[in-house]
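Read the structure below first, then the notes.
What you see is a predicted model; the values in this text were computed from it and never measured. By convention in this document, chain letters (A, B, ...) are assigned in the order of the sequence lines, proteins followed by strands, and residues within each chain are numbered from 1.
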Amino acid sequence: MNQALQKIWKTVAMVPKGKVASYGQIADLAGLPGRARMVGKSLGQVPDGQTLPWYRILRSNGQIAFPAGSESAERQKGLLQEEGVVVLNNRVRLKDFQWQPSLDEILFKLEY
DNA sequence: GGTGTGACAACAA
DNA sequence: TTTGTTGCCACAC
């Protein structure tokens with residue numbers, strides 16, 4: 001089955017609450033450099049049952065990937081703000097909220 | 001194989 | 001800052 005998909009989901013799952021990450025960042029951490037677009041596609045395939053923080057994933061510039069004002073964008077914005085992440089004009093200040101995995105977090109991930 | 005697509009990214013203006 | 005262009009890579013036709 002889809003290994004890449006699993007890796008991506010596991011990686012997304014370790015983004016801490018109140019922090020965000022970019023598609024490319026997730027791809028890199030998942031060991032799939034250059035596959036940012038695949039991360040996006042994968043998040044769209046997440047079964048509803050799964051509790052995955054898909055909403056903590058943004059574009060490299062901090063923008064929400066959905067068109068501003070769309071239902072999805074609003075939902076994502078809401079979920080983020082509930083965690084304390086400030087969203088303005090459909091974007092987040094990465095300087096303040098981007099997740100910076102510590103070395104041990106990365107190593108822990110490699111154990112798998 | 002060729003071609004188009006996509007919850008992307010880097011860079012130029 | 002915002003908008004275009006290009007480069008990417010896995011996939012579905």
How many Å lie between [atom1] on [X] and [atom2] on [N], as a whole number?
{"X": "A:Gln25", "N": "B:dA10", "atom1": "CD", "atom2": "P", "value": "11 Å"}
{"X": "A:Arg37", "N": "B:dA9", "atom1": "CZ", "atom2": "C1'", "value": "9 Å"}
{"X": "A:Met38", "N": "C:dA12", "atom1": "CE", "atom2": "P", "value": "10 Å"}
{"X": "A:Arg59", "N": "B:dA10", "atom1": "CZ", "atom2": "P", "value": "13 Å"}
{"X": "A:Gln45", "N": "C:dA10", "atom1": "CD", "atom2": "P", "value": "15 Å"}
{"X": "A:Asn61", "N": "B:dC8", "atom1": "CG", "atom2": "P", "value": "10 Å"}
{"X": "A:Tyr23", "N": "B:dA7", "atom1": "OH", "atom2": "C1'", "value": "4 Å"}
{"X": "A:Ile8", "N": "C:dC9", "atom1": "CD1", "atom2": "C1'", "value": "12 Å"}

Side chain of A:Leu43 - closest among C:dA10, B:dA7, B:dC8: B:dA7
Closest nucleotide among C:dA10, B:dC8, B:dA10 to the A:Lys41 side chain: C:dA10
Sidechain-backbone polar pair: [X] side chain, [Y] backbone, donor-acceptor under 3.5 Å:
{"X": "A:Asn89", "Y": "A:Arg91", "answer": "no"}
{"X": "A:Arg56", "Y": "A:Val15", "answer": "yes"}
{"X": "A:Gln76", "Y": "A:Tyr55", "answer": "yes"}

Note: A:Lys19-A:Glu83 ion pair, threshold 4.0 Å (strictly below): no
Below 4.0 Å: OP1/OP2 of B:dC8 and any side-chain N or O of A:Ser22: no
Helical stems, DNA chain B - three or more consecutive Watson-Crick or G-U wobble pairs below 3.5 Å: B:2-6 with C:9-13, B:8-13 with C:2-7
Protein-nucleic acid N or O pairs under 3.5 Å, nucleotides 1-3 of chain C:
unit_1 : atom_1 : unit_2  : atom_2 : d
C:dT1  : OP1    : A:Arg91 : NH1    : 3.0
C:dT2  : OP2    : A:Arg91 : NH2    : 2.9

Residue pair A:Lys109, A:Thr11: steps toward the side-chain contact (heavy atoms from CB on, under 4.5 Å) verdict: CA-CA 8 Å; A:Lys109 175 176 173 35; A:Thr11 306; 3.2 Å; yes
Closest heavy-atom pair and its distance - A:Asn90, A:Gly69: OD1-N, 4.3 Å
Shortest non-hydrogen contact from A:Pro47 toward A:Trp9: CD-CH2, 3.8 Å
Crowding at CD, A:Gln45 (>12 non-hydrogen neighbours, <6.0 Å): yes
Heavy-atom neighbours of A:Asp104 CG exceed 12 at 6.0 Å: yes
